[in-house]
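Computed over heavy atoms, backbone and side chain alike; hydrogens, waters and symmetry mates excluded.
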Amino acid sequence: MTKPQICACGKNKSDMNTTNWIRHTSSCKIRKSRDESRSIECFFGNPKKPKLELGDSISLEVEENLYSSNSTTITCESVTTKTSTTTATAKSVTTTTAESVSTSSTDNVFEVMKTDKYSDSNENMINCVINDGNKVDPILLESTNTYESEQSPNKFRNDPALYLNKTISHCLKNNLLEMGPCQPTASELVNAVFPKDTSSPSRSFSSTYYFKLVNGKTVHRNWLAYSPSTDRIYCWTCRLFGTPGAQKNGLVSSGCNAWGHLSGVYGRLHKHESCKDHLESELSRAMYMRNNRIDILTVKSSNSRVATNREVVKVLMDIVLCLAKHNDAYRGHLETNKDLIQGKFRDWVTVFAKYHPILASHLDRINSNSKRSSLTFLSKTSQNAMIESVAETIRDKILDEIKTAGMYSLILDSTTDVAKLDQFAFVFRYCSSEGTVHERFLCTDETADSTGNGMFALFCKICDRYSLNWKEQLIGQAFDGASNMQGTIKGLRTIIQKDNPNALHVWCFAHCLNLVVCDSCQANIQVRDFFSIIGSLVTFIGARKRTATYVDLQKKYYPNERSRRLKHFSNTRWTYHDRSIDVILRTYRAVIETLKSIRTDETDKKTRDTAKSFLKNLNKFNFVLTMHFMKKLFSITTPLSKYLQAPDMDFIQAMKLVMATKHQLQEMRIDKTYGNIINNSKTFSIEHNLDEKDIQEKRVSLKKKMSGENQNDERLSSAKERYISEVYNVTLDIAINKIEDRYCNSENIFNDIFFFSPEHLQNQTTAIPNSFDYICNWLSAFKIDKENLTTEYRLFASNFNNLMKDSPENIDEKCALSVISYESSENDSETSGEDNFGDLLQVSNILQNLSKMGMASAFPNLSVAYKAICTLPPTSASAERCFSKLKLIKTNLRSTMSEARLDHLMVISCNPDIDINMDDALDKFGSRSNLLRSNLLYQ
């Protein structure tokens with residue numbers, strides 16, 4: 001009889017076939033080998049446990065964890081063996097029970113044993129209750145174990161109850177800040193609900209308390225923390241950054257679970273987040289935490305044909321974008337493949353194809369196809385579609401920023417293009433979420449009705465097209481001096497203010513200053529004659545041969561300087577009066593020699609007499625004196641004009657610069673200033689060997705005294721005194737009076753919001769209680785609370801110097817006077833004062849710090865006030881810059897351009913600093929037709 005085959009596990013083969021039996025025995029051998037194998041730990045000896053006596057100490061070395069990079073040691077001054085200890089299982093740490101542990105008695109036992117494996121959560125909690133050598137609270141350790149058994153292992157490590165009455169180290173604070181406040185939702189708890197209290201009716205905490213409404217927008221309470229272990233809420237910010245007084249607050253020390261008294265204006269949450277201690281804690285947190293994260297998104301392609309087409313179109317869109325930013329034409333007169341020059345767009349495509357294999361393959365496929373290709377992406381229709389897609393992507397980004405800002409101002413102006421059409425430019429000024437001021441061109445449109453009602457209808461159409469709620473969110477409007485815009489009866493600003501009284505009107509500061517300069521140039525007959533001579537001289541020397549003579553003489557007398565050209569006067573071009581005088585003053589010798597050459601060499605008698613007349617005037621001392629006087633006057637007004645054209649100039653700083661300019665003009669009336677001008681004129685006359693080297697005295701005719709007349713004939717006998725009284729003082733007085741008159745309304749606004757200026761905050765001047773009435777009424781649509789604004793303002797003012805340490809220096813009156821100093825540029829191009837002005841502290845710097853430090857939610861009313869002040873435009877210079885772009889785009893050769901194409905090119909050209917996602921523009925382009933959709937969009 002055959003002996004039965006029995007496996008090691010005791011199973012009999014019986015009826016199993018050979019294959020199954022072999023499989024079974026093999027698996028049993030593997031299982032037995034695994035069960036009998038020894039762990040590698042058995043090859044190392046176990047450390048002996050020391051016998052603890054009274055007075056000994058035991059240390060627990062905890063490996064590097066989330067909160068600290070160093071090991072932590074627990075030291076117990078009194079350790080005695082008593083009762084039993086509790087041994088921790090895997091992923092736990094052994095602690096004694098509450099009955100066997102006491103830190104105040106020497107009869108109790110505290111034994112902590114380190115196991116091979118323990119969880120990160122237990123490790124973190126041990127670190128939380130260890131305080132750099134302080135004694136361990138056993139009750140807290142026991143509650144930690146109990147809480148750990150109820151929750152999942154790695155949840156709620158930022159429970160605020162774990163850190164009550166404990167010292168938090170610097171490293172631990174950083175990690176707690178990184179985790180953020182404990183704000184679990186109901187689904188994350190054990191029973192998926194917040195526990196209910198014993199009140200009737202029963203109440204519980206809700207996750208809606210993590211948010212609040214500020215000015216109609218939902219704002220996250222980043223200070224509120226909920227403790228699942230104690231079912232209470234705490235102030236996370238005050239716990240980490242609060243002063244000793246703030247630590248005594250109930251929301252910090254013991255928490256709050258009065259769920260029926262949290263919400264509302266008089267609720268615990270609103271009272272706490274509006275109190276001084278909490279706001280100070282928010283300031284401390286903002287100055288402590290300055291970390292930014294960048295999220296990077298990646299996109300993967302799957303369809304090879306679509307991916308290839310998208311790569312081709314991306315290159316074409318880059319070319320479209322580049323040409324639009326440089327205001328270049330796209331198409332040529334002939335664009336066939338046989339033409340040598342096919343227009344800038346196709347020529348650039350050919351150049352790029354040399355270095356882009358995919359684009360080169362696309363062009364080869366088009367050229368090799370005998371039949372006309374249905375999709376080349378190179379036709380004029382495709383060019384217009386790509387221009388529109390890029391422009392609309394930029395416009396969508398601008399509209400998104402405007403709507404996110406919640407408030408904006410309108411800058412509107414009009415001009416006539418080369419086709420004799422009236423074009424209106426719509427520019428919007430707003431502040432981004434980072435506190436940066438932007439003035440963005442949104443669109444352009446034409447209208448035949450340029451009256452106030454016609455412009456209002458166009459404005460409403462634009463706002464409806466782009467869903468802009470101007471009746472509530474428009475807070476300012478800046479126009480030039482045209483009556484159809486700022487008329488008090490039928491002007492555009494009056495019609496807008498009927499529906500939105502809070503839309504403040506600002507007369508463009510730059511236009512006002514240009515009018516002041518024009519009025520000064522017409523102050524008296526001697527100044528008028530001076531500019532008349534300058535204008536005629538520029539026209540006279542502007543002829544071709546005379547200009548060549550003038551340039552050659554410049555090279556002779558000024559060999560180390562570049563040649564200059566005389567400038568024509570223009571009342572509509574800012575700073576042109578100053579530039580015209582500057583060129584003549586720098587090339588005076590060349591001008592004199594040019595006139596002498598014309599007088600000698602010219603055959604025409606009328607031309608010779610004209611040159612002789614100019615020579616006679618240019619050799620007069622009064623002409624030189626007036627030239628130096630007007631140059632001194634323009635050296636004050638020209639820098640201001642350039643600073644006012646900066647797009648990020650705020651209303652307060654612009655008004656302070658205007659006041660500083662007026663102050664400098666008033667100081668020019670001092671005799672010392674006039675004496676310096678006289679001396680400079682004499683030196684100039686001597687250096688250029690002019691006929692008159694000093695002011696000429698004239699005989700004064702005495703008025704005949706009639707019989708019975710008692711009054712004597714009192715006249716100024718000195719020519720110098722007559723020039724001061726009749727020319728110098730009159731011109732300065734007109735300039736000063738015109739500044740006061742044209743900036744009167746703006747000065748009234750400035751006086752109501754001046755206490756928000758950096759100078760006022762830096763001096764820590766306390767605002768009077770009624771100071772906030774104007775701004776609260778102005779921003780009534782945003783529901784600013786006056787009392788809370790007062791509290792936030794005073795607290796922010798007391799900490800202003802510490803918060804703005806890294807910001808540029810403040811601009812006070814003395815600083816403004818030094819800023820308004822002018823040195824003539826070495827080139828003829830108009831330079832902006834934006835670069836130099838960027839070194840000064842502006843109101844926008846304060847708003848940026850509030851946003852960067854995360855204090856916008858802690859100081860909501862103050863943040864809205866500063867945002868509104870930065871949004872209020874002081875000038876309409878951005879609209880003028882848009883018209884400069886318009887004249888470069890719509891030229892004589894492109895005068896038949898459609899309005900839609902002009903609008904799209906203007907959007908791209910006027911917003912060159914906006915970075916767009918080319919994939920979004922490509923998706924817009926691909927969704928225009930079914931053919932493009934199938935070739936450019938992924939399925």
Side-chain angles (χ1 to χ4, degrees), residues 158 160 176-183 206-226 233-242 246 249 251-252 262-265 267-293 401 403-407 430-436 756 779 781-797 799-800 803-804 844-871:
N158 54 352
L176 293 177
L177 283 174
E178 185 177 359
M179 287 189 292
C182 183
Q183 294 185 348
S206 174
S207 57
T208 57
Y209 290 118
Y210 297 150
F211 304 91
K212 65 177 179 178
L213 287 177
V214 176
N215 300 322
K217 293 185 178 181
T218 303
V219 179
H220 180 233
R221 284 191 174 104
N222 54 6
W223 60 269
L224 183 63
Y226 173 80
I233 59 173
Y234 299 83
C235 180
W236 187 247
T237 303
C238 291
R239 176 66 189 91
L240 297 180
F241 301 97
N249 190 289
L251 274 174
V252 181
L262 295 183
S263 60
V265 179
R268 294 286 301 276
L269 295 180
H270 180 74
K271 286 184 177 180
H272 179 76
E273 64 188 2
S274 302
C275 69
K276 179 180 178 181
D277 291 336
H278 177 75
L279 294 178
E280 288 178 345
S281 301
E282 288 286 352
L283 288 171
S284 300
R285 179 194 62 81
M287 290 185 287
Y288 184 88
M289 185 176 179
R290 297 174 183 268
N291 294 327
N292 296 321
R293 290 183 177 88
E401 291 178 352
K403 294 175 182 179
T404 303
M407 61 174 67
Y430 60 92
C431 295
S432 63
S433 56
E434 294 82 13
T436 306
F756 285 96
L779 303 175
F782 300 92
K783 300 178 182 179
I784 291 184
D785 186 84
K786 181 181 177 181
E787 296 182 359
N788 291 339
L789 177 61
T790 304
T791 302
E792 295 172 11
Y793 176 85
R794 291 179 176 173
L795 182 59
F796 183 78
N799 294 272
F800 178 76
L803 290 171
M804 306 298 292
S844 58
N845 297 127
I846 301 177
L847 179 62
Q848 289 172 7
N849 276 18
L850 286 173
S851 302
K852 182 172 63 176
M853 296 180 180
M855 294 189 292
S857 59
F859 295 83
N861 299 283
L862 187 67
S863 178
V864 171
Y866 272 109
K867 190 174 184 180
I869 294 173
C870 292
T871 305

Would you indicate whether Lys217, at its atom NZ, is surrounded by more than 12 heavy atoms from other residues, nucleotides or ligands within a distance under 6.0 Å?
yes

List the residues meeting side-chain contact (heavy atoms from CB on, under 4.5 Å) with Ala868, not counting sequence neighbours, and say none if there are none.
Met407, Ile475, Trp778, Leu779

With the side chain counted from C-beta on, respond yes when Leu269 and Ile233 share a heavy-atom pair under 4.5 Å apart, and no when they do not.
yes

What pairs with Ser432 under side-chain contact (heavy atoms from CB on, under 4.5 Å), at least two apart in sequence or on another chain?
Glu434, Thr436, His438

Quick one: side-chain hydrogen bond (donor to acceptor under 3.5 Å, both in side chains) partners of Ser263, sequence neighbours excluded?
none

Test item: Asp277 and Glu280 side chains (from C-beta on) under 4.5 Å apart, heavy atoms
yes

Check the pair Leu251, Cys238 against side-chain contact (heavy atoms from CB on, under 4.5 Å), reporting the backbone distance first and the verdict last.
CA-CA 9 Å; Leu251 274 174; Cys238 291; over 6 Å; no

What residues form a side-chain contact (heavy atoms from CB on, under 4.5 Å) with Lys271, not counting sequence neighbours?
Tyr266

Contacts of Phe782 that satisfy ring-ring contact (aromatic ring centres under 6.0 Å, His included) - sequence neighbours left out:
none

My understanding is that only residues two or more places apart in sequence, or in another chain, count here; which of them pass ring-ring contact (aromatic ring centres under 6.0 Å, His included) with Trp223?
His272, His278

Quick check: does any side chain N or O of Asn861 sit under 3.5 Å from a backbone N or O of Lys786, one acting as donor and the other as acceptor?
no

Between Asn222 and Thr237, the two heavy atoms sitting closest are O-OG1, 4.3 Å

Give a yes or no answer on whether the side chain of Tyr793 reaches the backbone of Phe756 with a donor-acceptor pair at less than 3.5 Å.
no

Do you know the tightest heavy-atom contact between Gly435 and Ser851?
N-OG, 3.9 Å

With sequence neighbours excluded, what pairs up with His220 under the side-chain hydrogen bond (donor to acceptor under 3.5 Å, both in side chains) test?
Gln183

Checking Ala781 now: which residues fulfil side-chain contact (heavy atoms from CB on, under 4.5 Å) with it, not counting sequence neighbours?
none

Side chain proximity check, Val219 to Leu213, heavy atoms < 4.5 angstrom
no

Here the gap from Met855 atom CE to Asn849 atom CG, rounded to the nearest 0.5 Å, amounts to 7.0 Å

Could you grab the distance from atom CG of Leu240 to atom OG of Ser284, nearest 0.5 Å is fine?
11.0 Å

So, Ser863 side chain and Phe859 main chain: donor-acceptor pair closer than 3.5 Å or not?
no

I'd like to check the side-chain hydrogen bond (donor to acceptor under 3.5 Å, both in side chains) partners of Arg221; sequence neighbours left out, ordered by chain and number.
Glu273

How long is the span from the SG atom in Cys235 to the CD atom in Glu282, to the nearest 0.5 Å?
7.0 Å

Heavy-atom pair with the smallest gap, counting every atom of Leu224 and Pro181:
O-CB, 3.5 Å

Return the CG to CZ distance between Leu279 and Arg794, rounded to the nearest 0.5 Å.
14.0 Å

Does Lys276 use its side chain to pair, donor to acceptor, with the backbone of Thr791 at less than 3.5 Å?
no

Scan for salt bridge (charged side-chain N to carboxylate O under 4.0 Å, His left out) pairs involving residues 856-867, sequence neighbours excluded, and state none if there are none.
none

Excluding sequence neighbours, so at least two apart, what forms side-chain hydrogen bond (donor to acceptor under 3.5 Å, both in side chains) with Tyr234?
Thr230

Looking at side-chain heavy atoms only, is the closest gap between Thr404 and Tyr430 below 4.5 Å?
no

Separation between CG (Leu795) and OG1 (Thr790), nearest 0.5 Å, reads 12.5 Å

Using a 4.5 Å cut-off on heavy atoms from C-beta on, say whether the side chain of Pro860 contacts that of Glu792.
yes

Asn158 CG to Leu177 CG distance, which is reported to the nearest 0.5 Å:
11.0 Å

